[in-house]
Amino acid sequence: MRPEELPEIRHLHLFRDMTQASFESLMASSYAQNFPQGLEIIRQGDPADFLHIVLEGSVELFAQWSGRDCTMAVVQPVSTFILAASIRDAPYLMSARTLERTRIILVPAADLRAMFRRDTEFAVSVIAELAACYRSVVRSAKSLKLRNSRERVASYLLRQSMLAGGATSYTLPVEKRLIASYLGMTPENLSRTLRLLEADGVKMDGARVIITDREKLTALAQPDKLIDGPDALADANGSDLPGASS
């Protein structure tokens, strides 16, 4: 592990409040690994041997069943995954594959669990992180169950605008196929929905989103803080899609 990477890891909410001795002990048993693009690095159902920290690149978390798969989240630097399985010593519920060349710190799950029992502040941070992940999953489930496809896409595009500082034009942070899967749609349905949304104040130029009428888009999306947030910790813990920038 590179010495300059330690401050970035230490700054994560999960690690920032633990004692320095505990942090150094945990990092001493951890190691870095570089992965090529398109590699499946964990598989659902396998034992959770490591907590993963993404330092460079990006990772798609996805689930599979009966020949189908769906995107659950995309993790970008600097974020962790999958904490719950590592703490519980339970099988991974999701698989993970790299979307580009990616550098990851692997923290042994057994050491993580031992530190959870020893360092009170770390234990509090773990609980807060897991609570944030749970709230993020509930928000996502509410959007999937309560909104139709047009409303889900409109809500996603409006929220990305807010994350980009209220920008009226921004670039989608991930590929459209990943957004479609995350929103419970096929790529074809997403493309069709995006065309329909032109009447509701949105135009697409490739991966560029142009909001032409924010009032119309807001009227369709009906943003709700109990679904869309903001929730600072949940937005930063790698359990969602990354935010756009203008």
Side-chain angles (χ1 to χ4, degrees), residues 9 12-14 29-113 116 126 129-145 152 156 172-190 233-243:
I9 299 170
L12 287 170
H13 182 274
L14 184 61
S29 63
S30 305
Y31 62 94
Q33 192 164 346
N34 296 318
F35 296 96
Q37 179 181 1
L39 182 69
E40 186 174 298
I41 55 178
I42 65 172
R43 182 171 297 174
Q44 65 182 33
D46 285 351
D49 295 326
F50 297 98
L51 174 73
H52 296 67
I53 306 173
V54 179
L55 287 182
E56 299 172 11
S58 56
V59 174
E60 177 193 5
L61 303 181
F62 64 100
Q64 296 172 306
W65 179 79
S66 191
R68 286 168 269 177
D69 65 67
C70 67
T71 300
M72 303 296 291
V74 172
V75 185
Q76 292 184 329
V78 175
S79 296
T80 64
F81 71 92
I82 304 171
L83 178 61
S86 300
I87 285 293
R88 288 202 61 204
D89 193 16
Y92 293 119
L93 295 181
M94 297 181 283
S95 299
R97 59 189 163 213
T98 55
L99 295 174
E100 56 191 305
R101 187 179 183 277
T102 302
R103 182 171 175 82
I104 291 177
I105 303 298
L106 300 168
V107 183
D111 295 341
L112 197 76
R113 291 191 293 274
F116 177 82
V126 168
E129 187 92 359
L130 293 176
C133 289
Y134 170 77
R135 290 175 63 81
S136 179
V137 169
V138 170
R139 290 177 190 274
S140 178
K142 288 174 69 174
S143 185
L144 284 171
K145 291 175 179 291
R152 291 200 301 276
Y156 173 79
L172 292 172
V174 296
E175 297 176 51
K176 288 180 183 177
R177 66 175 181 85
L178 298 176
I179 296 171
S181 183
Y182 179 76
L183 295 177
M185 308 169 68
T186 65
E188 294 76 18
N189 283 339
L190 176 62
L233 182 55
D235 290 343
N237 66 8
S239 58
D240 203 338
L241 294 186

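For this chain, numbers begin at 1 and follow the sequence in order.
With a 4.5 Å cut-off on side-chain heavy atoms, Y156 and L241 count as touching. The shortest distance between side-chain heavy atoms of L12 and I53 falls below 4.5 Å. Here the side chains of V54 and P77 are in contact, with some heavy-atom distance below 4.5 Å. C133 is not listed as a side-chain neighbour of V137, based on a closest heavy-atom distance of 4.5 Å or more. Contact check for I42 versus H52: side-chain heavy atoms found under the 4.5 Å cut-off. Under the 4.5 Å side-chain criterion, counting only non-hydrogen atoms from C-beta, Y134 is in contact with V138.
Listed here is the closest heavy atom pair of S95 and Q64: OG-OE1, 4.3 Å. Scanning all heavy atoms of the two residues, the minimum distance from S181 to C70 falls at OG-CA, 3.0 Å. The heavy-atom pair separating Y92 from P47 by the smallest distance is CE1-O, 3.2 Å. The heavy-atom pair separating G45 from P91 by the smallest distance is O-CB, 3.6 Å. Between P173 and P242, the shortest heavy-atom distance links the atoms CG-O, 3.2 Å. Scanning both residues, T80 and V75, for their nearest heavy atoms gives O-CG1, 4.4 Å.
For residues 57-76, no residue pair satisfies the ring-ring contact (aromatic ring centres under 6.0 Å, His included) rule, not counting sequence neighbours.
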Side-chain atoms of residues 99-109: list all donor-acceptor pairs with protein atoms under 3.5 Å, sequence neighbours left out, distances to 0.1 Å.
from : atom 1 : to   : atom 2 : distance (Å)
E100 : OE2    : S58  : OG     : 2.7
T102 : OG1    : S58  : N      : 3.3
T102 : OG1    : S58  : O      : 3.2
T102 : OG1    : E100 : O      : 2.7
R103 : NE     : E5   : OE2    : 2.5
R103 : NH1    : N34  : OD1    : 3.2
R103 : NH2    : E5   : OE1    : 3.4
R103 : NH2    : E5   : OE2    : 3.4

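Once rounded to the nearest 0.5 Å, the distance linking CG of D89 with CG of L112 reads 11.0 Å. Here E60 contributes atom CD and E175 contributes atom CD; the two are 9.0 Å apart, rounded to the nearest 0.5 Å. For the atom pair CZ of R97 and CG of L61, the computed distance is 10.0 Å after rounding to the nearest 0.5 Å. One distance of note links CG of L190 with CE of M185; it measures 5.0 Å at 0.5 Å rounding. The distance from the CG atom of D111 to the OG atom of S30 is 7.0 Å, given to the nearest 0.5 Å. Atom OG in S136 sits 9.5 Å away from atom CE in M72 (nearest 0.5 Å).
A donor-acceptor pair is defined here as one N or O able to donate and one able to accept, closer than 3.5 Å; such a pair exists between the side chain of T98 and the backbone of G38. Not a single donor-acceptor pair under 3.5 Å links the side chain of S86 to the backbone N or O of A48. Between the side chain of S79 and the main chain of Q76, a donor-acceptor pair closer than 3.5 Å is present.
Applying the ring-ring contact (aromatic ring centres under 6.0 Å, His included) rule to Y31 yields the partners F50; only residues at least two apart in sequence or on another chain are considered.
The local environment of CG in L144 is crowded, with over 12 non-hydrogen atoms from other residues, nucleotides or ligands closer than 6.0 Å.
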